[in-house]
Amino acid sequence: MATVWTAASWLGLLPVWVGLGLLPVGNTIAQAQPACPHAILRFESRQPVDDAVVCEAAQVWAERGYQVLVFLTDTQPNSESDWFDLLDQVEAAAGLRTLSQDDDFERRAIALEVTTATDLPFAVSITYGEALFPSPLDTDPAALDDIKRQVRELIADQQITAALVLGLEETAELASIDTAGVVPGTLGWLGVGGGVAVMVGGGGAIAQRQRRRRQRLEAQLHRLQDRVSNLLMGCEQWLTGPDLEAMVPYQLFAEAGGENYSDLTQQLKVWLRQARQALDQAFQVHAALQEDEAQAKQPLAKQVEAWELLYLSFVGRRDRIRAMSDEELQTLLNPVLVLGNTQGLSAGLVQQLEAIQQRVQGSPLKVEITQADPNSVDQEGILGLVEQVDNTISRLREAMIQAPEQLAATDQRRQAFTGPLPPRLGLSLAEVLAGVDTLLAQADQSLHQDQLYLRVQDYCQQVDAALEVVAALDPEFQQYDQRVEKVAAIAAQGYRPPLLDQSSQAMDAALSQVQQVLRLGDYDAVPSALGHLHQTSHQAHTTATQWRDLHQQNVTAIQGLVQTGDRLQQLDQQDVAAAWAALHQYAPDNWEDLTAIHTAAQALLHEIRTQDLPQLQQQNSLAVQAFPAVETGIVASAQRLATAEAQFRQILDRWQLLQRAEADLNRELGKIEAHMFQTAELVKPKRLGLMGRQQPDSRLQSAQAEVDAARCYFQAGSVLRACTARDQALRWVILAYADKVQEQAGTIHSLTLDPHASQPGCSAFQAAIALIPDSTEIDQATDQTLFQLYDNIGQASQDLQRAERLCRSAISNAHKGGYSSHNTLRSSTNRSRSSSSRSSSSSRRSSSSRGSSRRSSSSGSSRRR
């Protein structure tokens, strides 16, 4: 809804009217010496400066909401880094920078910072915040360098005021902030030492640019005054009348039958009232802009801005209206073009329309905005309201012509509609289309009796939508029928899903809902009802399908368990029975611990085959249908079968162990003694003085004792005990060997940490570490696994020796050339790092010709150029 503006609100949109007592736009800048409302001026120079002129030059920045700092000094920094450090302190004192944070600069701020030591390449610096990063000030370094060059030249010529003014105005223009009219004629004279000096050097070019800007603004002002006058006259003729009903738009609305629609009539009156009030206010502002003396004294840019705000009150804020061409804007105010023809209108109204057309046709109305902010005006504007009125009148007039044709075509489509309707719906075509016939009857009455043409069109649209809904019933019910038939087929196989009855009831309720909304003619509700029907039928189908699939999965799983049971029964009767008989040929201490295990395995297998599996088959039958319980029982039975098989395997493994021990035990014990000798040589203790000697490794002594015990057990027929002693003997040897190799690894590890160590040497070291077992792994290993662990440790020892050779060779080669050469290289590296550090520091912010920048993730960052 458009905003109704009062005279006060209009004045609020024209901040340049100082004569009307309005406040300036923009942030208030903290004052410093010299006092300036637009900038912080900090002059630390013996050169004379007209601070009032510089202050006025900063106004264009301040009015756009930017904080401005102008710093002038006679300081001659020793380096660019010293210069930047000084600027950091100055900016911090001005409140634009936070020194405790990296590059924390005020987002909407700009600083012009100059030293009179113009022989320095960085004598002029310009620092700005993030708000200006995407502007040409940031993206056109060549243009910015040209501005700094001109400032430097003027400073060198002791034209200090001109230099600072040029820096402020030219950077504003480069950043697309117009500067014309801020200080008319500022650069035409320069106060130097209390006298008057004519501008030289770059001043002529500056003055020329000022003149061009002023000419552009003057042309814009004249264009605005002309176009605003045309808009005022055009809208005045379109919206004139002692009351709303006497206005041309309302008369056109009434003759098109608009008064037959009470709600539309009220809406149209609101639009006309808002447009008329806004037009009256525009006339007041127009008079003020022409007659107010204070406005005439404003800078040219401010005058243009005020007229543009008035223009925007017509076109509003919408891009669509503002982007219209002259012809399109004229069409909005030319009812003849809007209506297309004047047939059927009264003679007096036709005369008014012709007068409006004569006044508006060919009148230029379009203006491009250059100064004002479109967001400060109403969303619609006067022309936006006029457009809504035009559209309403056009729609009414078109409906008078189109409604009879639409009704005839819609009725023809209804008569041609014959279905088909899905049989499962259970409704006749007459029942389904009863609501459609009611809508057509209402449309016929609206056309021939009430002459409500818009309502006729609305009824026709409802009928067309309803016919589309009815046409979509058949494909929807085809899917529904397929799901129902699948559910019935599953039930016919004897399946009784627990939730099937509930799902069937939900389907019946959903079908009844579809039938009800169709009988009531509530076609808008049909898609929702069909969606519910689809959901319930899908759920029923899913319930039945999952129940059947679970049964079939159980059947397959039970068959697998039966086959496993048969296989284990055969294993027990053949392989296990033969092994058990062979074990009894040995002394009892070799097999008597397996007696209980053998008995338990046979009992468990018998229980599974005679009780568990028959019970699962019975519960999984269609008579019982305890499918979820069967699924759980299958998992438990599978685990029990695995237990029985593991127990049978223990008997087979024991028989294989005894057979292998009989053939290999003496050879393996000899191999262990060889390992003991080899390990003893590696871990041989050192001499202590002339007489003393450390004790040998006790683990090797324990290993020998276990070997001797193994031989005794084997001769006595206790083969299992002999194997146990053999394993323990080898464990003692491995533990002693592993400790020695770990000690070796600790020494070599320090070599791999040297930066000159070779990559192959480091890789060999890592491979060796991976082969050394820990104590837990050694304790858990038995039989042949222990022999493999011993071999692994031997391989680890070889890899460590290779790693040591490679690393020492690489380190030695890296240090060839002596300490002096190494020291020289290190010194050179340090100097390079120092130089790099200074370079990095210097490039943090640069005002050199190339320019560089610094960014940060803090609340505001800056670029120094």
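Neither side chain, Trp83 nor Thr115, offers a donor N or O lying under 3.5 Å from an acceptor on the other. Inspection of the Thr127 and Glu113 side chains reveals an N or O donor paired with an N or O acceptor under 3.5 Å. For Gln267 and Gln388, the side-chain atoms include no donor-acceptor pair closer than 3.5 Å.
Asn230 and Pro364 get closest at one heavy-atom pair: ND2-O, 2.9 Å. Scanning all heavy atoms of the two residues, the minimum distance from Cys235 to Ile382 falls at SG-CG2, 4.0 Å. Here the shortest heavy-atom pairing between Leu217 and Val304 reads O-CG2, 3.5 Å. Closest approach of Leu174 and Pro136 over heavy atoms only: O-CB, 3.1 Å. Of all heavy-atom pairs between Pro48 and Thr161, the closest is O-OG1, 4.4 Å. Residue Ala117 comes nearest to Thr75 through the heavy atom pair CB-O, 4.2 Å, listed as atom of the first residue, atom of the second, then distance.
Here Tyr311 contributes atom OH and Glu368 contributes atom CD; the two are 7.5 Å apart, rounded to the nearest 0.5 Å. A distance of 9.5 Å separates OG of Ser81 from CZ of Phe122, quoted to the nearest 0.5 Å. In this structure, Arg64 CZ and Asp373 CG are separated by 10.0 Å, a value rounded to the nearest 0.5 Å. One distance of note links CG of Asp85 with CD of Glu80; it measures 11.0 Å at 0.5 Å rounding. To the nearest 0.5 Å, atom CG of residue Leu224 and atom CD of residue Glu305 are 11.5 Å apart. Going from atom CG of Leu244 over to atom CZ of Arg273 covers 5.0 Å, rounded to the nearest 0.5 Å.
A 4.5 Å side-chain heavy-atom check between Leu69 and Ile40 finds at least one atom pair inside the cut-off. Counting heavy atoms from C-beta on, the side chains of His38 and Trp61 never come closer than 4.5 Å. Contact check for Gln89 versus Leu99: side-chain heavy atoms found under the 4.5 Å cut-off. Using a 4.5 Å heavy-atom cutoff, the side chains of Val367 and Glu308 are not in contact. Here the side chains of Ser45 and Ile160 are not in contact, with every heavy-atom distance at 4.5 Å or above. Using a 4.5 Å heavy-atom cutoff, the side chains of Leu41 and Cys55 are in contact. Between Leu232 and Leu279, the closest side-chain pair of non-hydrogen atoms falls below 4.5 Å. A heavy-atom distance below 4.5 Å is not found between the side chains of Tyr128 and Ser135.
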Exercise for the section: Could you walk me through whether Gln47 and Gln158 pass the side-chain contact (heavy atoms from CB on, under 4.5 Å) test, one step at a time? Expected result: CA-CA 7 Å; Gln47 299 290 337; Gln158 296 186 343; 4.1 Å; yes

Practice task
Under the side-chain contact (heavy atoms from CB on, under 4.5 Å) rule, what do Ile110 and Leu137 come out as? Steps first, then yes or no, please.
Solution key: CA-CA 11 Å; Ile110 185 168; Leu137 185 68; 4.1 Å; yes

Handout entry: Trp238 and Met233: CA distance, side-chain angles, deciding distance, side-chain contact (heavy atoms from CB on, under 4.5 Å) verdict
Key = CA-CA 9 Å; Trp238 184 229; Met233 293 303 100; over 6 Å; no

Practice task
Go through the steps for Glu170 and Val151 under the test side-chain contact (heavy atoms from CB on, under 4.5 Å), then give the verdict.
Solution key: CA-CA 10 Å; Glu170 291 299 299; Val151 172; over 6 Å; no

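Distance alone, capped at 3.5 Å, places no donor-acceptor pair between the Ser229 side chain and the Gln225 backbone. Listed for the Asp138 side chain is no donor-acceptor partner under 3.5 Å among the backbone atoms of Leu132. Under a 3.5 Å cut-off, the side chain of Asp157 and the backbone N or O of Gln159 do not form any donor-acceptor pair. Between the Gln303 side chain and the Gln298 main chain, a donor and an acceptor come within less than 3.5 Å of each other. No donor-acceptor pair closer than 3.5 Å links the side chain of Arg97 to the backbone N or O of Val90. Using modelled atom types, no side-chain atom of Gln220 and backbone atom of Ala301 make a donor-acceptor pair closer than 3.5 Å. A donor-acceptor pair under 3.5 Å is formed between the side chain of Ser313 and the backbone N or O of Leu310.
Taking a cutoff of 4.0 Å between a charged side-chain nitrogen and a carboxylate oxygen, Arg276 and Glu236 qualify as a salt bridge. Using a 4.0 Å cut-off between a side-chain N of Lys or Arg and a carboxylate O of Asp or Glu, Arg149 and Asp146 qualify as a salt bridge.
Residues satisfying the side-chain contact (heavy atoms from CB on, under 4.5 Å) criterion with Ser100, sequence neighbours excluded, are Thr98. Residues meeting the side-chain contact (heavy atoms from CB on, under 4.5 Å) test with Asn78, sequence neighbours left out: Asp82.
Relative to the six-membered ring of Tyr66, Arg108 meets both conditions, a distance below 6.0 Å and an angle of at most 45° to the axis.
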